[in-house]
Amino acid sequence: MGARVNISKGLLHTFLSGFGPGVGDLRAEAQQSTLRGAVGTSTHLLYRSEGCDVEEKGEFLFSDISTILSFLKVQPKDAFIRLWQRPDRLQVSCGMSSIDVPSSTYIRSGLNSETMNGLVEDGENNQWKSFKGKALTTYLQTNSNWLSEIAGMQKVVGKDMTYTTRYDSSEGHFIVEAGKKGGLRMNVATELETHDGVDCSSVFGQWFPELMSSVPTGTVDVFTSDGFIMVLRHVDKDFLLIALDQDGE
């Protein structure tokens with residue numbers, strides 16, 4: 001029969017639009033009372049889930065996220081959406097309205113899923129003390145309110161900027177800087193209550209602010225190291241983001 005779930009319009013929109021920049025398709029799994037997806041791109045790895053009513057467990061292939069979001073946009077605010085994964089297409093319906101989106105097993109955002117899952121499993125098992133054999137020397141805890149300030153930086157400094165993260169252990173600050181040498185520069189900082197480790201700094205690409213906007217509301221544990229990735233793990237929700245540094249390590 002294929003996987004089938006019912007989910008509110010708002011939660012489905014949050015889910016499908018919450019996997020970061022450059023993600024146009026998605027492989028997801030209906031498990032018990034959740035819809036869970038994962039992506040692996042050249043800029044980030046991201047896992048997240050949203051609650052739903054699962055009629056039939058199984059896999060969903062969202063081959064065209066933008067079309068589904070356009071369909072959701074014209075549905076009532078408090079609508080419930082039914083997803084039904086058939087062998088060759090995904091049916092998305094709301095009341096008497098529906099669209100059939102052709103399905104493809106070629107999901108670009110999930111091409112590295114096996115490798116990605118192994119790396120994440122290793123990270124979870126060692127409590128994010130290392131990733132791909134390299135130590136993560138710094139731990140801090142922050143909240144999504146500050147991350148949303150990072151998300152807004154692009155509106156001030158413009159596009160095509162790089163973003164430098166910096167942890168100052170002596171001051172207990174975490175800073176993000178953006179801009180060009182000799183030109184406009186901006187930084188946002190937060191004072192940390194919970195933090196441990198050595199000073200470190202990493203550089204991320206122009207996609208960094210949009211990636212930070214994908215983090216759900218709440219408290220986030222952050223693990224990082226000098227010139228390396230940044231792991232953000234939500235304390236209360238099923239959300240894990242690994243931002244890859246500019247070298248793509």
Side-chain angles (χ1 to χ4, degrees), residues 8-24 26 35-39 41 43-51 65-66 69 72-73 77 109 128 136 138-168 171-180 184-195 197 200-224 228-246:
S8 74
K9 168 188 170 177
L11 289 182
L12 182 58
H13 186 280
T14 298
F15 181 72
L16 292 178
S17 61
F19 284 89
V23 175
L26 177 68
L35 186 62
R36 190 172 198 264
V39 302
T41 75
T43 60
H44 66 284
L45 313 179
L46 197 156
Y47 292 75
R48 75 182 304 151
S49 67
E50 290 293 347
I65 289 176
S66 63
L69 291 177
L72 295 181
K73 188 175 182 180
K77 184 178 180 180
S109 67
W128 296 106
L136 294 171
T138 296
Y139 162 74
L140 59 97
Q141 193 174 82
T142 186
N143 60 70
S144 57
N145 291 335
W146 180 65
L147 297 175
S148 67
E149 292 184 35
I150 300 172
M153 292 178 74
Q154 194 174 67
K155 296 178 182 179
V156 179
V157 299
K159 297 181 179 180
D160 303 323
M161 298 291 185
T162 57
Y163 292 79
T164 301
T165 61
R166 183 164 54 87
Y167 167 63
D168 185 333
E171 296 292 335
H173 291 169
F174 195 66
I175 305 108
V176 176
E177 301 172 336
K180 293 182 178 179
L184 173 66
R185 296 192 62 81
M186 178 180 179
N187 72 76
V188 297
T190 185
E191 189 170 355
L192 304 167
E193 292 185 6
T194 303
H195 60 99
C200 63
S201 178
S202 295
V203 179
F204 299 91
Q206 63 183 34
W207 40 265
F208 190 69
E210 186 177 347
L211 197 54
M212 293 301 100
S213 70
S214 69
V215 181
T217 301
T219 304
V220 181
D221 287 331
V222 180
F223 307 86
T224 188
F228 199 38
I229 64 166
M230 186 166 71
V231 180
L232 297 94
R233 189 174 185 273
H234 203 284
V235 170
D236 300 314
K237 298 180 180 180
D238 179 20
F239 178 89
L240 176 70
L241 167 62
I242 303 177
L244 304 178
D245 66 297
Q246 203 171 44

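Computed over heavy atoms, backbone and side chain alike; hydrogens, waters and symmetry mates excluded.
To the nearest 0.5 Å, atom CD1 of residue I175 and atom CD1 of residue I150 are 11.0 Å apart. Here the CE atom belonging to M153 is positioned 12.5 Å from the OG atom belonging to S148, to the nearest 0.5 angstrom. How far CG of L35 is from CG of L16: 7.5 Å, rounded to the nearest 0.5 Å. Here CG of L140 is found 8.5 Å from CE of M230. Values are rounded to the nearest 0.5 Å. Atoms OG1 and CG, on T194 and D221 in that order, are 8.5 Å from each other to the nearest 0.5 Å. Annotation: the span from F223 atom CZ to I229 atom CD1 amounts to 10.5 Å, rounded to 0.5 Å.
Using the six-membered ring where Trp is involved, F204 and F208 have ring planes that are parallel, under 30° apart on the 30 and 60° scheme. Using the six-membered ring where Trp is involved, H195 and Y167 have ring planes that are perpendicular, over 60° apart on the 30 and 60° scheme.
A heavy-atom distance below 4.5 Å is found between the side chains of S201 and T164. Two residues are said to be in side-chain contact when any heavy atoms from C-beta on lie closer than 4.5 Å; R233 and W128 meet this criterion. For the pair R48 and T14, the minimum side-chain heavy-atom distance is below 4.5 Å. You'll find the side chain of T41 reaches within 4.5 Å of the side chain of V23, heavy atoms only. Within the 4.5 Å cutoff, the side chain of R185 has no heavy atoms near those of the K180 side chain. Side-chain contact between L12 and L72 is present, with heavy atoms from C-beta onward closer than 4.5 Å.
Of all the heavy atoms in H234 and T217, the pair that sits closest is NE2-O, 2.9 Å. The shortest heavy-atom contact between L46 and G20 is CD1-N, 4.4 Å. A pairwise comparison of heavy atoms in W146 and T142 identifies CE3-OG1, 3.6 Å as the closest pair. Minimum heavy-atom separation, G18 to S214: O-CB, 3.6 Å. The two residues K9 and K73 have their closest heavy-atom pair at NZ-O, 3.9 Å. Shortest non-hydrogen contact noted between L192 and Q141 is CD2-O, 3.7 Å.
Formation of a donor-acceptor pair under 3.5 Å by the S109 side chain with backbone atoms of V39 is not found in this model. Looking at T224, its side chain never comes within 3.5 Å of a backbone N or O of T138 through a donor-acceptor pair. The backbone N or O of F19 lies less than 3.5 Å from a partner atom in the side chain of H44, making a donor-acceptor pair.
Counting non-hydrogen atoms of neighbouring residues, nucleotides and ligands closer than 6.0 angstrom, the CZ atom of R36 exceeds 12 such neighbours. Counting heavy-atom neighbours within 6.0 Å of E191 CD, excluding the residue itself, gives a total of 12 or less.
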